[in-house]
Structure formats: C-alpha cells, structure tokens
Amino acid sequence: MKISLPPIHHNKEGFGALVSLHKQTKDCFLENMEIDMSGVEWFDADMCAIFGALLYRLGNSVNDVSLTNIPGNVEKVLSKNGFLSHYGREKVPDRHKTTIAYKRFDVEDERYFSEYIKEEFINRSEVPEMSLGLLKKFHESIFEIFSNAVLHSRTELGIFSCGQFYPTRKSLDFTVADLGVGIRENIREHEEINLSPEDAIDWATQSSNTTKRGNVPGGLGLKLLCEFIDLNGGRILIVSDAGYWERKDSQTEKTTLSCPFPGTAVSVEINTGGTGSYGLESDLTEEDIF
C-alpha cells in the first residue's frame, strides 16, 4: 500500500492532511505501507507529534511502515529533532538549537514529561520573559495537557510531543498528541452532555468546566494558555475527534474536519517577536514557588 503525503503546515490544512492519512489507513493490518513524501516540500516539525502518533498506531497494528522520497530540507529537520531515527535514519546534531525533541511518553512518565517541557520548552531563551508566578502557572498549564491525556484519554499507546523554533517567523511551536477517546466522548461519558466535536473543545477551554473528580484539580490549564496567547499574540490549536478549534488575535475559530483524529492534539504557538514581559495580577513570591 502506497500513500502520498502533501505539505504539512501548522494550521487547519495540515491537521486535515494528517487526519486524511488516518482515514486511509485506520483499518490496515499486517500491511507493507509506503508513505511517499516526495510532495512534502515543507513539514512544520511540531506536527511530528501527530504524524508520529498515527504512525505508531499503524505499527501497533503490525503494519510495516516506511517513509520514502523525503525532500532534503525536510529530512534534515526531522533528523535533527530525532523523529526519523524511529524510521531508519540517523539523528543529526542540532547545532543551532532550534528543535524541541520528538518524544513518546508512557502514561506513567509524568515526571519525565515535566522535566522534558521544562528543559526543552519553557526554559528556552526564546520564550518571552515571565514573572516567577506566571512561569510556574505556564509550566502547570502545559503539564495539564499531559495530565488530561493520562486521566481522560485512556490511551494505551502513549503520548507524543515535539516542537520547533522558527527564527524568521518569530514563533516557537509545541504540540502534544494522544490516541485516546477524545474530548467529546469524555464529556459525554462524565457530564452526560452531547456536544459537537468542536463545541466539546470549546467547552473544555472554559475555566469553570472540567470532568475531573474528587481532589484532582483541573479546568484552568487551557484557559490560562488561551489568556497568555491572547496577550502574547500567538495561537493555540486543538483537534479532537472531528473538531478543529483555533484561538488567535483574541478570536476563536471552530469547525468540523472532514474525518476524525483518533485522540486529541493541542498545539501552542508562542510569538517570540515581542519585547514585553508577562505576569499575573497577583504574583507569587519566590518563596511560594521554591
């Protein structure tokens, strides 16, 4: 079986292309699969989290997956972040330090994920200056994406992440994806609310809404990220089931994709071109944090 992949950008079309790949391959079992990348003249590297999740799912169904005809510029980037090392290529040193490594985590790897986002993402020099209080909350918000995947998605295949800094476009992109039940199904099961896929994502971004129970905190992670992105001038993209949700310039776009993604992906784009710093209205002191 041979499938051609188009260019993959960090936008609705890029997500659409990857869910189309899932639609074409979701029933494959014991297949020899060639993904022809000759038409991929560009691949936004953070989208490796989603691409890698789909390919891992195919491998878990005992398919033999090969990536062929990768253009040189794409192969270089995807070798630097370690993605192609899973498909027979050697990892290339990232001398300019623009990549956030492609990783797969098991659901038990919370501590490793926390260290990973701290070292690879939050502590990067390109991340805008934040007060100690906001930096702590920002870390917690990113970690909650992982926590939600652990608590709600019921994924058995792991959680995938990757990112990339783009000096020319002045953006730092970071994406986390899981292969679980999705936001819509989780809300339906726990809240008995039947929403469209895109409205379910919208529901999950509101600070008062959470499906967590007992003493487990929740409901603020995505809300704080959205507020930060509004101030920063960046973007946040979320795909779950067939829902696509995007926040940019303090405006929300939501729509239905042509086919569903088998899980949830959250993608954060930080504008690194600003010169301001960010803080909370009531910041914590250093003693509150350390």
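Starting from 1, each residue takes its place in the sequence as its number.
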Distance check, rounded to the nearest 0.5 Å: Glu269 atom CD versus Leu172 atom CG? 9.0 Å
Keeping Asn11 on the side-chain end and Gly14 on the backbone end, is there a donor-acceptor pair under 3.5 Å? yes
Qualifying residue for side chain to side chain donor-acceptor pair (under 3.5 Å) with Thr98, from Glu126, Arg124, Lys80, Gln164: Gln164
Under 3.5 Å donor-acceptor, Asn63 side chain and Leu58 backbone: yes
Hey, could you give me each pair passing salt bridge (Lys or Arg N to Asp or Glu O under 4.0 Å) that has a residue in residues 243-264? Not counting sequence neighbours. Lys12-Glu253, Asp199-Lys254, Asp202-Lys254, Asp230-Arg247, Arg235-Glu246
To the closest 0.5 Å, what do you measure between OG (Ser171) and CD1 (Ile270)? 9.5 Å
I'd like to check the side chain to side chain donor-acceptor pair (under 3.5 Å) partners of Glu189; sequence neighbours left out, ordered by chain and number. Arg154
Trace of the side-chain contact (heavy atoms from CB on, under 4.5 Å) decision for Leu55 with Ile35: CA-CA 10 Å; Leu55 297 185; Ile35 298 181; 3.4 Å; yes
Check whether the side chains of Glu34 and Ser66 place a donor and an acceptor atom closer than 3.5 Å, and report yes or no. no
ILVMFWY clustering at 4.5 Å (side-chain atoms), partners of Trp42: Tyr166
Evaluate the side-chain contact (heavy atoms from CB on, under 4.5 Å) criterion for residues Ile117 and Phe143: first the C-alpha distance (whole Å), next the side-chain angles of each, then the deciding distance (0.1 Å), finally the verdict. CA-CA 8 Å; Ile117 59 174; Phe143 180 76; 4.1 Å; yes
Which residues satisfy the side chain to side chain donor-acceptor pair (under 3.5 Å) test with Tyr112, sequence neighbours excluded? none
I need the full list of salt bridge (Lys or Arg N to Asp or Glu O under 4.0 Å) pairs touching residues 83-95, with sequence neighbours left out, sorted by first then second residue. Glu75-Arg89
Residues two or more places apart in sequence or in another chain: which of them pass side chain to side chain contact (heavy atoms under 4.5 Å, CB included) with Val176? Phe113, Ile145, Ile159, Ser161, Phe174
For Glu31, give me all partners under side chain to side chain donor-acceptor pair (under 3.5 Å), at least two apart in sequence or on another chain. none
Any non-hydrogen side-chain atom of Ile50 less than 4.5 Å from a side-chain atom of Phe15? yes
Pairs of donor and acceptor atoms involving the side chains of residues 22-29, under 3.5 Å and at least two apart or interchain, shall be tabulated with distances.
residue : atom : partner : partner atom : Å
Gln24   : NE2  : Ser20   : O            : 3.4
Thr25   : OG1  : Leu21   : O            : 2.8

Student check: side-chain heavy atoms of Val266 and Thr175 closer than 4.5 Å: no
Any carboxylate oxygen within less than 4.0 angstrom of a Lys/Arg side-chain nitrogen, looking at Glu140 and Lys136? yes
Can you list the residues that meet the side chain to side chain contact (heavy atoms under 4.5 Å, CB included) rule with Lys118, with sequence neighbours excluded? Glu115, Asn123, His139
Between Asp36 and Asn69, do the side chains contain an N or O donor and an N or O acceptor separated by less than 3.5 Å? yes
Find the distance between CD1 (Ile193) and CG (Asn186) and round it off to the nearest 0.5 Å. 11.0 Å
I need the single residue from Phe121, Phe160, Phe105 that forms a ring-ring contact (aromatic ring centres under 6.0 Å, His included) with Tyr116. Which is it? Phe105
Atom pair CD1/CD of Ile236 and Glu227 - distance to nearest 0.5 Å: 11.5 Å
Would you find a donor on one side and an acceptor on the other, under 3.5 Å apart, between the side chain of Asp241 and the backbone of Gly243? no
Which salt bridge (Lys or Arg N to Asp or Glu O under 4.0 Å) pairs, counting each pair once, include a residue from residues 41-69, with sequence neighbours left out? Asp44-Arg169
Quick check for you: to the nearest 0.5 Å, what is the distance between Leu84 atom CG and Lys76 atom NZ? 14.0 Å
Using the test side chain to side chain donor-acceptor pair (under 3.5 Å), find all partners of Thr264 that sit at least two apart in sequence or belong to another chain. Ser240
Taking side chain to side chain contact (heavy atoms under 4.5 Å, CB included) as the test, write out the residues that go with Pro6, two or more places apart. Ala17
Is the ring centre of His86 less than 6.0 Å from the ring centre of Tyr102? yes
Look up atom CG in Leu78 and atom OG in Ser85, then write down how far apart they are to the nearest 0.5 Å. 10.5 Å
Closer than 3.5 angstrom, by distance alone: can the side chain of Ser114 be matched with the main-chain N or O of Glu110 as a donor-acceptor pair? no
